[in-house]
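A, B, ... follow the sequence lines: proteins, then strands. Residue 1 opens every chain.
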Number of protein chains: 2
Amino acid sequence: MKKIAVIIAGCGHLDGAEIRESILTLLELDRNKCQTHIFAPDQNQADVVNHCTGEAMQETRNVLVEAARIARGDIASLEKLNADNFDALILPGGFGAAKNLSTIATDGANALVNPQLDKLIRDFHTQKKPIGAICISPAIVARTLADKDPVLTLGGHNQLLDKMMVRQAECTATDTIVDTKNKLVSTPAYMGNAHLHEIQMGIAKLVSQILEMCK
Amino acid sequence: MKKIAVIIAGCGHLDGAEIRESILTLLELDRNKCQTHIFAPDQNQADVVNHCTGEAMQETRNVLVEAARIARGDIASLEKLNADNFDALILPGGFGAAKNLSTIATDGANALVNPQLDKLIRDFHTQKKPIGAICISPAIVARTLADKDPVLTLGGHNQLLDKMMVRQAECTATDTIVDTKNKLVSTPAYMGNAHLHEIQMGIAKLVSQILEMCK
């Protein structure tokens, strides 16, 4: 049974994890009889956004506590994740990836990646374990592994990856981009305005390819 | 194109909508090319629960605003839902159904159902439009339509339906119970401890049967 780590950054696409991308990832891992462990950083969210209006709310919420809604409580703090214990890593998207796991939302190509996550991505890569990245999360992988000459996608051609000097390939929501050398798989999901069943197809393909790449 | 109304009661199974049941319902409706409209009551949640610990949090959250996380902002207040404009109604589960859409969590078989929802369920039923109910939501349908001699399921045999004097059938997460006369379909989903892909099968079957029942 393959052990897969999934990192989510809250609960809601405007200030946390994209819920649908997260659930569809968990669904495909479950269908493929994986042992899935979910992690989130135990820190305050960068912000809290009203998902009806898109406006900021004067509240403080914790990334791990909110992510536990998606995980139904079966979740651990990111600091407990050790690449040695897992076969692959998957990062669903949502603005939380750009706000809570990195500073991409504010700093773009100069973003900092959460140091624990930065180390984890390098660890999985060094151990030749595959990494799947969905939606905006490929930008995190790009920032961390830029020196490894990765190929990733954010859907359409995206200046963010240009500015990071990272190669990119255009991709629709039903498809994935595979970097065989670095064992990276990415799919754009909600980077565009695809239908939910199309996004499901892309995520199912990503999970299948990640599992094939596991040693 | 069939128009389907989905009512969710927040975002998180302990104080709102069961997220996975909600997303899987939306996925199946999208796969079947339905026009889906999501609704939630514009009212404060009965409570806010920390999904890591299961303990109450000293916060106030609005059901509609939190449900918008699942809906990605594409949601309307329950008071705007009119059965005349839709072909079917689907109610995902989660404790929100028992706390925010009804008082089942505190009052059991004597629960009050949100008056708008109570009227909507009666309207869909009177217009011979199918109603799908997932997880604990069949108990809401049971409470509203008890005088119509419905048959519903909450998974295993459940005293709540006995006390409501409503007929029940046992059902696994991969399956559904169909009440042809009343055009009701129910599936237990997270009433038990089934795997996510099993719950997906039950919800896919429910959506398929609901769409077949649409005039």
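Taking every heavy atom of both residues into account, B:G12 and A:R69 meet most closely at CA-NH1, 3.9 Å. In terms of heavy atoms, A:I70 sits closest to B:I19 at N-CD1, 4.0 Å.
Residue A:I23 touches chain B through both its backbone and its side chain, counting heavy-atom pairs closer than 4.5 Å. Contacts of A:L64 with chain B are made by both backbone and side-chain atoms, with heavy-atom separations under 4.5 Å. With a 4.5 angstrom heavy-atom cutoff, B:D74 does not touch chain A via any of its atoms. The part of A:E18 that comes within reach of chain B is its side chain, from C-beta onward, which places non-hydrogen atoms under 4.5 angstrom from that chain. Looking at B:I75, only its side chain comes within 4.5 Å of chain A, counting heavy atoms on both sides. There is no contact between A:N62 and chain B, counting heavy-atom distances below 4.5 Å.
By number of non-hydrogen pairs under 4.5 angstrom with chain B, the leading residue of A:L14, A:L29, A:D15 is A:D15. When B:Q200, B:H197, B:R72 are compared by the number of non-hydrogen pairs under 4.5 Å with chain A, B:R72 comes out ahead. When each of B:N50, B:I199, B:T53 is scored by its heavy-atom pairs under 4.5 Å with chain A, the top score falls to B:N50. Between chain A and the residues B:S22, B:G54, B:C52, B:G73, the most heavy-atom pairs under 4.5 angstrom are made by B:C52. Counting heavy-atom pairs closer than 4.5 Å to chain A, the top residue among B:E59, B:E66, B:E198 is B:E66.
Remark: B:F86 CZ is packed, more than 12 non-hydrogen atoms of other residues, nucleotides or ligands lying under 6.0 Å away. Around NZ of A:K3, the count of heavy atoms belonging to other residues, nucleotides or ligands within 6.0 Å exceeds 12. Applying the 6.0 Å contact sphere to CZ of B:F95 captures no more than 12 heavy atoms from other residues, nucleotides or ligands.
For the atom pair NZ of B:K33 and NE2 of A:H195, the computed distance is 8.0 Å after rounding to the nearest 0.5 Å.
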